[in-house]
Amino acid sequence: MLFRSVATMRRLGAKGIVLSGRPYHLDPEIHHGVPEMIHALGLAVFTEDSLDHLTPIERPLRVVDQWVYHSRLYRAASFVSKQNDMELVQLVSFGCGLDAVTSDQVQEILARTGKIYTQLKIDEISNLGALRIRIRSLLAAMDAREEKGFKIHAPLPLPEKAVFTKEMKKTHTILCPQMSPIHFTMLEAAMESGGYNVVVLPDTDKKAIDVGLRYVHNDACYPSIITIGQIMKALRSGEYDLDTTAVMISQTGGGCRATNYIAFIKKALKDAGMEHVPILSANVLGMEKQPGFNINIKTLVRMIHATLYGDLMMRLLYRVRPYEVEVGSANALHQYWEKRLVEELRRGGYHFKNNVEAIVKDFDELPIYEDIQKPRVGVVGEILVKYHPTANNNVVDLLESEGAEAVVPDLTDFLLYSAYNGNFRYEKLSGSFKAKAIGNLSIAAIEYMRKDMKHALKNSKRFHPPKPIDVLAKGAKKLLPLGHQTGEGWFLTAEMIDLLEEGVPNILCLQPFACLPNHITGKGMIKGLNKLYPTSNIFPIDYDPGASEVNQLNRIKLMLSAAQRNLRKSTQRGN
């Protein structure tokens, strides 16, 4: 802090700038002398942690306030919003999705009283000249306001939450963004069995991505752009009556920006003049409660069954389709069973054991070329990019067209990972015993429900069952602690280790630019994985609105050429 107090600043007749940002942004080696440059222009400089205690935040915030330094930013912005002689400058990093969350919220706090929001991207600093111009412009605006006698006005009222009432369950269509077509077709039917009129939006096209870019902060991650783009494209299409439409999305409650997708949706709806559209959150943590939205235990069980059916169908389809004798026979069998399962889930049927046994038997007996060997390629990464065909540019179809077999881990394992994390939080951090117990009970319940599926897979000729989550966690510990729980966290590393130990040496790690956790536990683990598994062939692929499909294709083909070469060597050694 270059001035000791706000009182000192005012006694000297100066104006003040509050510098806010993530803690390391205020490190002298990072900010390159920005505070000194501002001070040299005659402005008092304060860091947000020097005065964030002076004013509480008016709640509710649009975003989920889940980080300590986020709270400091918001409190500092609340303080500045009430001062005529002070402005706030936020330091951010290019491509940091968390900064994308906070900057929009800080701007909204300041705008409520007519204050100016200024953002500086410190990683774009090559010299201070451009930044000095920005700060001089801000100072000129402050002087111009003072000459005109501008005074901050009373804060504008916070927007009211659009409520989903019990009566709306009968009248409203609930739009849900697509993530995994194989799973969500059946999840849609499971939700309908609970009395909700749910419509899972169709596969995203490029137009939805363009819409997402219009409504979402550019530094937010690709999955958030796709998700909000799907929703806003549907709402703007004219196909739905906005007075009888709601939107629904899952919310993990973890440290990833996925927890703030609802905050992104709120902003998009406000910007589009659709604030009256209710937002529903599918979560088990009690977040964003709506009085008319409640998933009872029967519906929840069907949703878990639907997810398990999706895992099973994906596992079986991808395993046999590259080797089918009759082209299209695997897809036809999948469509036959999908139709049967959807009808049963919609009616509320419970024939899980008989169904999974029959499905595995049918795929086990589907005629395939048993003597053909193809490279097996695991597909891991950020959860939406991993499963969503548009997000990953149809990577499974691409792999199969290039003569490979795609192996995609189960969606259920991500749910188990989320539940399992309570153990580490309780043992190593300040997590509650209740959260740990609920997590372990959830794991036990899901494993009990999928035991029939695992048994059928274990007794099959062509397939193998998934491993328990504690076994996956044990594998991840070879390279990193289980405290990596943001986004896919340690689970991403665990998936790659599981694939390598199951005889899948080739892996594509799909990650959106700006997904920092996945760059750490995905791309960042490749060197360590190569040491542990010398035959591993792992390629990270970036997916974003502006990413080059040609570059992605070239990298995938490079990985496949190495995979083919390694397979030939392995076959020759076997002979």
Side-chain angles (χ1 to χ4, degrees), residues 63-71 98 101 179 249-263 281-289 294-297 299-301 303-305 307-308 311 380-384 386 409-451 454 466-498 515-518 520-522 525:
V63 302
V64 178
D65 184 12
Q66 60 181 160
W67 300 86
V68 173
Y69 68 85
H70 286 196
S71 296
L98 294 177
V101 172
M179 187 181 79
I249 193 170
S250 60
Q251 196 173 20
T252 63
C256 179
R257 283 150 286 165
T259 297
N260 271 300
Y261 279 11
I262 284 185
S281 171
N283 71 85
V284 296
L285 303 174
M287 304 170 70
E288 298 287 340
K289 291 182 178 179
N294 179 45
I295 300 175
N296 59 42
I297 189 64
T299 305
L300 180 60
V301 168
M303 291 176 68
I304 295 173
H305 280 161
T307 305
L308 294 173
D311 288 341
V380 302
E382 193 279 331
I383 188 168
L384 184 137
K386 176 169 62 175
D410 294 352
L411 176 58
T412 302
D413 286 336
F414 182 83
L415 305 179
L416 296 173
Y417 150 76
S418 300
Y420 189 82
N421 284 338
N423 292 289
F424 183 92
R425 295 193 192 106
Y426 176 72
E427 295 166 7
K428 304 294 184 180
L429 304 173
S430 58
S432 69
F433 177 79
K434 180 180 179 182
K436 172 188 173 182
I438 292 174
N440 289 333
L441 282 173
S442 300
I443 292 171
I446 293 173
E447 288 290 13
Y448 177 79
M449 281 189 275
R450 78 169 178 174
K451 66 180 176 61
K454 294 171 75 171
K467 294 177 181 176
I469 191 63
D470 57 338
V471 174
L472 296 179
K474 185 178 179 180
K477 287 181 182 178
K478 295 177 183 180
L479 285 178
L480 78 172
L482 301 188
H484 290 267
Q485 297 184 1
T486 301
E488 281 63 42
W490 61 262
F491 177 65
L492 177 50
T493 307
E495 282 188 316
M496 290 192 283
I497 290 176
D498 183 43
C515 187
L516 300 184
N518 281 275
I520 294 167
T521 61
M525 294 294 109

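Note that the coordinates shown come from a computational prediction; the quantities given were computed from them, not determined experimentally. In what follows, every heavy atom counts, from backbone to side chain, and hydrogens, waters and symmetry copies are set aside.
Qualifying side-chain hydrogen bond (donor to acceptor under 3.5 Å, both in side chains) partners for S432, counting only residues two or more places apart in sequence or in other chains: none. For F424, the ring pair (Phe, Tyr, Trp, His ring centres under 6.0 Å) test picks out no residue, with sequence neighbours left out. Contacts of Y448 classified as ring pair (Phe, Tyr, Trp, His ring centres under 6.0 Å), with partners at least two apart in sequence or in another chain: none. With sequence neighbours excluded, no residue satisfies salt bridge (Lys or Arg N to Asp or Glu O under 4.0 Å) with K289. Under the side-chain hydrogen bond (donor to acceptor under 3.5 Å, both in side chains) criterion, D410 pairs with R315, not counting sequence neighbours. Contacts of L300 classified as side chain to side chain contact (heavy atoms under 4.5 Å, CB included), with partners at least two apart in sequence or in another chain: I295, I297, I304. Shown here are the side chain to side chain contact (heavy atoms under 4.5 Å, CB included) partners of P468, two or more places apart in sequence or in another chain: E447, K454, D470, V471. In terms of the ring pair (Phe, Tyr, Trp, His ring centres under 6.0 Å) criterion, residue partners of F491 (sequence neighbours excluded) are, by chain and number, Y417. Residues that satisfy the side chain to side chain contact (heavy atoms under 4.5 Å, CB included) test with S418, not counting sequence neighbours, are F414.
Each salt bridge (charged side-chain N to carboxylate O under 4.0 Å, His left out) pair with one or both residues in residues 486-498, not counting sequence neighbours, appears once here: K386-E495, K467-D498. Counting only residues at least two apart or in different chains, salt bridge (charged side-chain N to carboxylate O under 4.0 Å, His left out) contacts with residues 413-422 comprise D413-R450. Each salt bridge (charged side-chain N to carboxylate O under 4.0 Å, His left out) pair with one or both residues in residues 415-439, not counting sequence neighbours, would appear here, but there are none.
How far CD of Q485 is from OH of Y420: 10.5 Å, rounded to the nearest 0.5 Å.
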